[in-house]
Structure formats: C-alpha cells, structure tokens
Amino acid sequence: MEYRVDDQGLDAAAFLSFVNQIWPGDYDLQKTERALAKTINIAAYDGQLLVGCLRILTDGYYFGTITELLVLPQYQRQGIGSRLLQLAREHTPTMLYFGAQPGAERFYEKNGCRPSLPSYAIQKEGAQ
C-alpha cells in the first residue's frame with residue numbers, strides 16, 4: 001500500500017470513481033476538482049487504484065476538519081483507515097474536528113479520537 005500526504009495529483013475523475021463505490025451520486029467533475037484543490041488530501045493506493053482517502057479542510061492555524069474518511073469496502077478492516085488517521089494527525093497544522101457516521105464511533109475511539117462538540121448542520125436553502 002502506498003500512502004501520499006497532501007496528494008496534489010489526486011485526479012478528480014479517479015476520486016469520483018472511488019467515491020461512487022461508497023456514496024453513489026451524480027457528482028460534478030469541475031466542482032470536484034475545485035473541492036480537491038482546497039483540501040489536504042491523504043490518499044492510499046494499491047498500485048494505481050485509489051482505495052482510501054482522508055480530506056482535511058483547514059485555515060492552517062485555528063481550525064481544521066476532516067471532511068471525509070473513505071475506504072473502499074473490499075479494503076476495509078485492513079488498517080488503511082487507521083493509517084490515514086495517523087497521517088492526518090502527523091501532518092495537520094491544527095486540531096481536527098469531524099463528524100462520524102453512526103456506528104463508526106468505536107473505530108474512531110480505537111484510533112485515539114475523543115468525543116467532542118455536538119455536531120450541527122445548516123442546510124443550504126432548497127437542499128434536501
């Protein structure tokens with residue numbers, strides 16, 4: 001497994017192919033390119049195949065958040081998500097906050113994460 005920290009070469013089309021295996025959707029390629037350019041992308045590759053990705057959005061000083069931590073289902077339970085979290089901890093300039101999918105709490109706690117602030121969302125008008 002190859003891990004790349006701040007993977008500036010993360011291809012948006014490859015990322016969308018990867019994401020659609022986990023969260024199927026109708027994602028826009030150009031918007032995805034812009035989104036990837038704004039985050040620190042820590043990626044896991046099996047050869048040329050993107051199998052895991054953790055993205056960090058940060059102001060570089062006060063605040064950082066993990067926007068997502070995704071691992072292809074067939075690669076889960078092999079330590080990839082744990083390694084991505086470790087690399088995030090080692091390479092982030094700030095404390096990191098994030099929300100966890102229900103049922104994933106044990107994974108995060110096993111990796112040294114502690115429950116923190118409650119999470120809230122502000123929906124964009126017209127969004128479902």
Side-chain angles (χ1 to χ4, degrees):
M1 198 66 51
E2 177 189 357
Y3 294 90
R4 298 180 194 165
V5 175
D6 199 12
D7 186 1
Q8 308 239 338
L10 181 56
D11 179 71
F15 182 77
L16 287 178
S17 175
F18 163 77
V19 167
N20 270 300
Q21 294 178 63
I22 302 164
W23 290 339
D26 185 24
Y27 303 107
D28 181 271
L29 182 63
Q30 286 75 32
K31 289 179 181 178
T32 299
E33 287 173 346
R34 289 193 299 271
L36 291 174
K38 294 178 182 178
T39 53
I40 298 170
N41 307 306
I42 304 174
Y45 293 89
D46 184 0
Q48 297 298 316
L49 180 65
L50 178 63
V51 300
C53 188
L54 182 149
R55 298 178 54 231
I56 300 170
L57 183 62
T58 180
D59 64 10
Y61 185 65
Y62 291 106
F63 180 81
T65 186
I66 296 174
T67 61
E68 67 247 348
L69 168 57
L70 304 172
V71 176
L72 290 178
Q74 63 270 32
Y75 283 84
Q76 292 176 4
R77 303 199 186 295
Q78 297 179 32
I80 296 167
S82 295
R83 180 68 176 136
L84 290 170
L85 274 175
Q86 178 185 11
L87 290 168
R89 184 178 289 117
E90 292 172 1
H91 292 91
T92 187
T94 64
M95 176 179 275
L96 293 173
Y97 295 93
F98 57 92
Q101 293 290 330
E105 298 89 350
R106 186 165 178 227
F107 165 79
Y108 289 109
E109 290 171 5
K110 175 186 82 161
N111 281 283
C113 303
R114 295 183 320 226
S116 184
L117 303 172
S119 177
Y120 295 90
I122 298 174
Q123 292 286 71
K124 182 176 174 181
E125 283 191 39
Q128 305 265 328

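When reading the values below, keep in mind they use all heavy atoms of this one structure, side chains included, and skip hydrogens, waters and symmetry mates.
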For Tyr27 and Trp23, which heavy atoms make the closest approach, and how far apart are they? OH-O, 2.7 Å

Indicate yes or no for a side-chain donor-acceptor contact from Thr58 to the backbone of Phe63 under 3.5 Å, with no hydrogens or angles considered. yes

Going by atom types alone, do Gln86 and Arg83 pair a side-chain donor with an acceptor below 3.5 Å? yes

Hey, is the main chain of Gly64 close enough, under 3.5 Å, to the side chain of Thr94 for a donor-acceptor pair? yes

Donor-acceptor pair, Asp6 side chain versus Ile42 backbone, under 3.5 Å? no

Going by heavy atoms in the side chains, are Asn41 and Arg4 under 4.5 Å from each other? no

If you measure from NZ on Lys110 to CG on Leu85, what distance do you get to the nearest 0.5 Å? 9.5 Å

Let me confirm one number: the OH-CG distance from Tyr3 to Leu54, rounded to the nearest 0.5 Å. 11.5 Å

Close side-chain approach of Tyr75 and Leu49, heavy atoms under 4.5 Å: yes

About how many Å separate CD of Glu33 and CG of Leu10, when rounded to the nearest 0.5 Å? 10.5 Å

Calculate, to the nearest 0.5 Å, the distance between atoms CG and CG belonging to Leu29 and Leu16 respectively. 6.0 Å

So, do Ile80 and Met1 sit near enough that their side-chain heavy atoms are less than 4.5 Å apart? yes

Leu72 and its side chain to side chain contact (heavy atoms under 4.5 Å, CB included) partner, picked from Leu50, Ile22, Asp46: Ile22

Take a 6.0 Å sphere around CD of Gln48 and say whether it holds more than 12 heavy atoms from other residues, nucleotides or ligands. no

Please report the shortest heavy-atom distance between Asp7 and Ala43, naming the atom on each side. OD2-CB, 3.6 Å

Could you walk me through whether Arg77 and Val71 pass the side chain to side chain contact (heavy atoms under 4.5 Å, CB included) test, one step at a time? CA-CA 9 Å; Arg77 303 199 186 295; Val71 176; over 6 Å; no

Value rounded to 0.5 Å, distance of CG in Leu36 from SG in Cys53: 7.0 Å

Given side chains that start at C-beta, do those of Asp11 and Phe18 come closer than 4.5 Å, heavy atoms only? no

Which distance, rounded to the nearest 0.5 Å, do you find between the CZ of Arg55 and the OG1 of Thr65? 10.5 Å

Closest non-hydrogen atoms of Pro93 and Gly60, given as atom of the first, atom of the second and distance, are CB-O, 3.6 Å

So do the side chains of Leu69 and Leu84 get within less than 4.5 Å of each other, counting heavy atoms only? yes

Test of understanding: clusters of I, L, V, M, F, W, Y form through side-chain heavy atoms closer than 4.5 Å, transitively. Do Leu57 and Ile40 belong to the same one? no

Are Ile66 and Thr92 close enough that some pair of their side-chain heavy atoms sits under 4.5 Å apart? no

